[in-house]
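Right, one structure below, let's go through it.
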There are 2 protein chains.
Amino acid sequence: MKQPDVSWGAPRPERADAARNRQHLIATAREMLAELGPDRLTMDALAERSGLGKGTVFRRFGTRAGIFGALLDDGERAFQEQVLCGPPPLGPSAPPLDRLVAYGQARVRFLMEHQVIARAALDGRQPIPAGSQSPLSHTHIRMLLGQIDLGPADLDLLAIQLTAALDGPLLLYLSAATLTQSPQRFEQQLSDSWQDLVRRVCRP
Amino acid sequence: MKQPDVSWGAPRPERADAARNRQHLIATAREMLAELGPDRLTMDALAERSGLGKGTVFRRFGTRAGIFGALLDDGERAFQEQVLCGPPPLGPSAPPLDRLVAYGQARVRFLMEHQVIARAALDGRQPIPAGSQSPLSHTHIRMLLGQIDLGPADLDLLAIQLTAALDGPLLLYLSAATLTQSPQRFEQQLSDSWQDLVRRVCRP
DNA sequence: GGCGTAAGCGGACTTTACCCCGTTTAACTG
DNA sequence: CAGTTAAACGGGGTAAAGTCCGCTTACGCC
């Protein structure tokens, strides 16, 4: 399987037709997702509906999960913008601990809003890290930890742990067959317990 | 897809032939795993080599990942024994905080020893939570948390978070394409940072 | 505008997980 | 031991992921 070109610092830009097709595929995928649900969004169907060949679909996204990944990234761009340049407490100019708390809460909200996609983007096969989705998330948390005085600690691993602690409960919820409570209530619980966890870990 | 009978408090015991076949399948799967690696362990091949029908294989394990799950459980039984009845600091009779630390370290060791299986047991499709593998793990952590005085806290969610914080880095490592350091070294780092995390969370 | 070439394209092909359903059989009942 | 029934079995069938390779086309260069 060819790598779906994630290599951004890449040698050559994308050819015009390729870019057009990617756009078209993502749009079509969005439609199908809304219309048919994730299970019926198959590679064959996507290829046919978009009027392109199967090979094309695979070259663009590499794997089925790749499509959902692309869909998620698309939404995540806006989110990331907020995080990097938005108003406090999320954006800079708030104290790092507050930002950390706010970040987790925002991420919870974001993923809850994109449940369906996030769920489908989980894929066990080799290509992508399965447990902790977004390297972006990890990077951001790592950065904030660096601005907090934590005494001696392996910040890299701590960041991974916190990322997992953030995503884990969400994944558990998303992949639970039977939802026992309202999404809103759960979202609130998650926010609260994230805040609690971070406060515990970071208190002096 | 029928549920692979996990329903322990079950209505009926397993029929004799079924039990025999399960045993046989697990043994054959072990052989094939050692001999061919996880990728070549396909359902068809397993069925043929064990002299049983495909249908049988699926009824027993429900899904491909189910096989690896079963293999893992098999090993986990012994592990769980240690946890519940073994000598301190893992077993009872040690203070709960020490047990919590020891538990995480033991689990890290266990999963590192069963890398191949653990990795293959990851499956993105519906059945199993991807983030927090083992309900056993979560249950045990939850139980230990109950014995520690943590002030006001949502212990259930905290247990989920800690389970995720324990598994997350492992999953990340297991699913990483390129391993940048020695397993031993990584195992040590994980143990250390688990200890650090738990101490931080649980200090008064 | 012609030309060379590497990227992109398509769709038949292969592989594999998973389903279905008619048949067999373990286990209980009298 | 004969009868009943629900569980287990088998293996052919289906659908969907992912691969291959010969053809086509965008794009930089003269």
Side-chain angles (χ1 to χ4, degrees), chain A residues 1-5 7 10-25 28-29 32-33 36-70 120-128, chain B residues 1-7 10-25 28-29 32 36-70 120-128:
Chain A
M1 181 178 60
K2 292 276 179 51
Q3 284 299 331
D5 49 334
S7 41
R12 281 160 223 260
E14 195 169 51
R15 229 169 77 173
D17 50 352
R20 196 167 353 104
N21 283 338
R22 142 170 296 133
Q23 280 296 107
H24 183 207
L25 281 170
T28 310
M32 295 182 67
L33 193 58
L36 307 171
D39 289 346
R40 288 180 199 267
L41 172 39
T42 74
M43 303 302 257
D44 286 341
L46 176 56
E48 185 176 7
R49 176 145 168 181
S50 62
L52 297 170
K54 237 165 79 136
T56 306
V57 178
F58 276 94
R59 194 167 335 87
R60 281 286 87 78
F61 300 109
T63 186
R64 183 182 140 88
I67 290 181
F68 294 98
L122 299 178
D123 181 354
R125 291 290 189 186
Q126 344 291 28
I128 305 170
Chain B
M1 181 178 60
K2 292 275 179 51
Q3 285 298 332
D5 49 335
V6 182
S7 40
R12 283 160 221 257
E14 197 168 49
R15 230 168 73 170
D17 50 349
R20 196 166 353 107
N21 283 339
R22 144 170 293 135
Q23 281 295 108
H24 183 205
L25 282 170
T28 310
M32 295 182 67
L36 307 170
D39 288 345
R40 288 180 199 269
L41 171 40
T42 73
M43 302 304 256
D44 286 3
L46 176 56
E48 185 174 9
R49 176 144 167 182
S50 63
L52 295 170
K54 265 192 299 189
T56 305
V57 178
F58 276 95
R59 192 164 338 90
R60 281 286 85 80
F61 300 110
T63 185
R64 182 183 142 88
I67 290 181
F68 294 98
L122 298 177
D123 181 354
R125 292 294 189 182
Q126 347 295 24
I128 304 171

Return the value, rounded to whole Å, for the distance between atom [atom1] of [X] and atom [atom2] of [N].
X       : N      : atom1 : atom2 : result
B:Asp39 : C:dT15 : CG    : P     : 15 Å
B:Leu46 : C:dT16 : CG    : C1'   : 13 Å
A:Arg22 : C:dA7  : CZ    : P     : 15 Å
B:Met43 : D:dG12 : CE    : P     : 18 Å
B:Leu25 : D:dA8  : CG    : P     : 13 Å
A:Arg40 : D:dA17 : CZ    : P     : 14 Å
A:Asp17 : D:dA26 : CG    : P     : 6 Å
A:Phe61 : D:dT19 : CZ    : C1'   : 18 Å

Would you give the length of the straight line joining atom [atom1] of [X] to atom [atom2] of [Y], rounded to the nearest 0.5 angstrom?
X       : Y       : atom1 : atom2 : answer
A:Leu33 : A:Thr28 : CG    : OG1   : 12.0 Å
A:Thr56 : A:Asn21 : OG1   : CG    : 6.5 Å
A:Thr42 : A:Glu48 : OG1   : CD    : 9.0 Å
B:Arg60 : B:His24 : CZ    : NE2   : 14.0 Å

Of the listed nucleotides ([options]), which one gets closest to any side-chain atom of [X]?
X       : options               : answer
A:Phe58 : D:dA8, C:dA17, D:dA17 : D:dA17
B:Leu52 : C:dC18, C:dC9, D:dG10 : D:dG10
A:Arg60 : D:dG10, C:dG10, C:dG8 : C:dG8
B:Lys54 : C:dC9, C:dA27, C:dC18 : C:dC18
B:Arg59 : C:dG8, D:dA17, D:dG10 : D:dG10

Donor-acceptor check, side chain of B:Arg64 to backbone of B:Leu41, threshold 3.5 angstrom: yes or no?
yes
Below 4.0 Å: OP1/OP2 of C:dC18 and any side-chain N or O of B:Thr63
yes
Does C:dG8 have its OP1 or OP2 closer than 4.0 Å to a side-chain nitrogen or oxygen of A:Thr56?
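Looking at the OP1 and OP2 atoms of C:dG8, neither is under 4.0 Å from any side-chain N or O of A:Thr56.
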Any donor-acceptor pair under 3.5 Å between the side chain of B:Arg15 and the base of D:dA7?
yes
Given that A:Asp44 and A:Gly55 both sit by DNA chain D, which one's nearest nucleotide is further toward the 5' end?
A:Asp44
